[in-house]
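We count residues from 1, following the sequence as given.
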Amino acid sequence: MTHQTIGERDTVLAVEDLAVLRENLHEQRLFRQEQLRQFAAYSSDRADDRRREADAARIEVGVKLAASARMVLADVEAALARMDSGQYGTCHLCRRAVERHRLLIVPQARYCGRCQQVREAGR
């Protein structure tokens with residue numbers, strides 16, 4: 001039996017955690033792919049519509065949502081690739097373990113909480 005300190009429990013991912021996280025990432029991937037298909041279908045359906053100008057705001061929102069969905073999809077796919085390569089859960093900046101609770105909330109997280117705060121403060 002291994003004994004873990006509280007700090008270790010916060011960073012060590014169990015096999016079950018990884019399985020849950022992988023499933024969550026796969027579900028997010030499917031959701032974002034479907035979302036992008038819907039945006040593409042809406043755009044092509046509306047291409048010949050003369051009321052396009054009246055829908056400019058709606059189209060702009062759709063474009064921004066599609067861009068956001070593409071970014072999240074890329075993050076999800078990158079997280080799945082890190083899982084496959086054994087690099088999942090390691091911060092891209094400090095190379096420490098990303099906190100377990102952080103990964104359970106944001107499975108595609110690339111940075112530990114401290115490095116994420118530094119990145120956000122720099123914006």
Side-chain angles (χ1 to χ4, degrees):
M1 178 174 180
T2 61
H3 296 284
Q4 295 177 342
T5 65
I6 291 173
E8 287 174 335
R9 275 194 309 250
D10 191 41
T11 57
V12 175
L13 290 171
V15 173
E16 297 83 15
D17 291 335
L18 285 172
V20 168
L21 291 165
R22 183 179 295 276
E23 180 62 28
N24 183 300
L25 289 165
H26 281 294
E27 288 174 10
Q28 284 189 54
R29 177 197 287 168
L30 291 173
F31 173 77
R32 296 302 175 176
Q33 288 171 336
E34 178 59 27
Q35 196 177 33
L36 289 169
R37 276 191 289 277
Q38 289 175 2
F39 288 137
Y42 177 78
S43 295
S44 64
D45 288 346
R46 306 289 289 184
D48 295 326
D49 192 343
R50 294 195 185 268
R51 291 179 294 151
R52 248 188 330 202
E53 293 81 23
D55 292 335
R58 220 177 289 149
I59 290 168
E60 183 178 346
V61 168
V63 167
K64 288 180 181 180
L65 288 172
S68 176
R70 279 191 292 278
M71 285 176 34
V72 172
L73 179 59
D75 286 346
V76 165
E77 289 179 341
L80 287 166
R82 289 192 305 276
M83 275 186 175
D84 292 342
S85 69
Q87 297 174 337
Y88 183 77
T90 301
C91 178
H92 281 256
L93 291 178
C94 71
R95 300 292 179 214
R96 292 187 194 135
V98 176
E99 300 86 354
R100 178 181 177 272
H101 70 272
R102 181 167 167 68
L103 290 171
L104 292 173
I105 294 168
V106 184
Q108 67 269 27
R110 295 174 188 257
Y111 307 102
C112 67
R114 188 176 61 88
C115 289
Q116 183 65 40
Q117 288 177 338
V118 169
R119 286 180 48 82
E120 289 174 2
R123 287 184 185 174

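The CG atom of Leu30 lies 8.0 Å from the CD atom of Glu27; values are rounded to the nearest 0.5 Å. The CZ atom of Arg95 sits 7.5 Å away from the CD atom of Gln87 when rounded to the nearest 0.5 Å. Here the straight-line distance linking atom CG of Leu65 with atom CD of Gln35 works out to 6.5 Å at 0.5 Å rounding. Taking SG from Cys91 and CZ from Arg110, the interatomic distance works out to 11.5 Å, rounded to the nearest 0.5 Å. A distance of 5.0 Å separates NE2 in His26 from CG in Leu80, rounded to the nearest 0.5 Å. Separating the CZ atom in Arg82 from the NE2 atom in His92 is a distance of 4.0 Å, to the nearest 0.5 Å.
Counting heavy atoms from C-beta outward, Leu21 and Met83 have side chains that approach closer than 4.5 Å.
Glu99 places no side-chain N or O within donor-acceptor distance of the main-chain N or O of Cys112, the cut-off being under 3.5 Å. Of the possible polar contacts, none joining the Arg32 side chain to the Val76 backbone as a donor-acceptor pair under 3.5 Å is found. Under a 3.5 Å cut-off, the side chain of Ser85 and the backbone N or O of Ala81 do form a donor-acceptor pair. A donor-acceptor pair under 3.5 Å is formed between the side chain of Arg102 and the backbone N or O of Tyr111. The closest donor-acceptor contact from the side chain of Tyr88 to the backbone of Pro107 lies under 3.5 Å.
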Q: Could you please spell out the steps behind the side chain to side chain contact (heavy atoms under 4.5 Å, CB included) verdict for Gln108 and Val72?
A: CA-CA 9 Å; Gln108 67 269 27; Val72 172; 4.2 Å; yes
Q: Begin from the C-alpha positions of Thr90 and Val98 and carry the test side chain to side chain contact (heavy atoms under 4.5 Å, CB included) through to its verdict.
A: CA-CA 5 Å; Thr90 301; Val98 176; 5.9 Å; no
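Note on Leu103 and Val20: separate hydrophobic clusters, where clusters join Ile, Leu, Val, Met, Phe, Trp and Tyr whose side-chain heavy atoms are under 4.5 Å apart, directly or indirectly. Cluster annotation: Met71 and Phe39 are assigned to distinct hydrophobic clusters (Ile/Leu/Val/Met/Phe/Trp/Tyr, side-chain heavy-atom contacts under 4.5 Å, transitive).
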Distance-only donor-acceptor hits, side chain of residues 12-19, under 3.5 Å, sequence neighbours excluded:
from, atom 1, to, atom 2, distance (Å)
Asp17, OD1, Arg100, NH2, 3.0
Asp17, OD2, Ala14, N, 3.0
Asp17, OD2, Arg100, NE, 2.7

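Partners of Arg29 under the salt bridge (charged side-chain N to carboxylate O under 4.0 Å, His left out) rule, at least two apart in sequence or in another chain, are Glu77.
Partner of Gln116 under the side-chain hydrogen bond (donor to acceptor under 3.5 Å, both in side chains) criterion, out of Glu120, Arg119, Arg114: Glu120 alone.
Closest approach of Ala79 to Leu25, counting heavy atoms only: CB-CD1, 3.8 Å.
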